[in-house]
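Following: one structure in structure tokens, then a few remarks.
The model shown is predicted, which means the values in this text are computed figures rather than measured ones. Throughout, residue positions are numbered sequentially from 1 according to the sequence presented.
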Amino acid sequence: MKYEKNSLDYQLNVLTLQEMEEVVPMTLPERSRIRGWVKKGHPVESNPWNYKDPFGDQMNFLEALRLRCGYSSGPWDYWKGPDSQGLWDDGNKCFRYRDEF
């Protein structure tokens with residue numbers, strides 16, 4: 001299916017992506033993949049794997065991509081604050097509590 005780049009839906013998807021890029025830290029490969037997804041005409045709030053959160057709602061593309069790649073959190077989550085996350089372990093690509101180091 002070909003998407004019309006001048007359509008309102010496409011423009012809203014691009015605007016949503018731009019807002020997400022300003023707020024959510026992501027790696028360069030993640031940014032490239034999500035831009036490709038939106039460029040094909042898909043909304044940010046969907047994913048090709050049909051992954052759903054615990055409440056049954058569809059995950060956005062970035063959440064699903066991170067889950068598919070085997071990590072659900074990373075150094076981009078530091079903005080959540082020290083109380084909600086431990087320290088990032090580069091070797092295991094996950095957060096660990098301070099006493100586990």
Below 4.5 Å, heavy atoms only, C-beta onward: do [X] and [Y] meet side chain to side chain?
| X | Y | result |
| --- | --- | --- |
| Pro48 | Phe61 | yes |
| Val38 | Val44 | yes |
| Glu30 | Leu62 | yes |
| Cys69 | Leu65 | yes |
| Leu17 | Glu19 | no |
| His42 | Tyr10 | no |
| Lys39 | Val14 | no |

Derivation and outcome, side-chain contact (heavy atoms from CB on, under 4.5 Å), residues Gln58 and Glu45: CA-CA 7 Å; Gln58 190 168 38; Glu45 296 301 324; over 6 Å; no
If you measure from [atom1] on [X] to [atom2] on [Y], what distance do you get to the nearest 0.5 Å?
| X | Y | atom1 | atom2 | answer |
| --- | --- | --- | --- | --- |
| Asn6 | Gln11 | CG | CD | 6.5 Å |
| Arg35 | Gln18 | CZ | CD | 9.0 Å |
| Met26 | Ile34 | CE | CD1 | 5.0 Å |
| Thr27 | Arg33 | OG1 | CZ | 10.0 Å |

Any donor-acceptor pair under 3.5 Å from Thr16 side chain to Leu12 backbone: yes
Joint cluster assignment, Trp49 & Met59, ILVMFWY side-chain distance < 4.5 Å: yes
Worked verdict on Asn60 versus Met20 for side-chain contact (heavy atoms from CB on, under 4.5 Å): CA-CA 11 Å; Asn60 69 40; Met20 184 178 195; 3.9 Å; yes
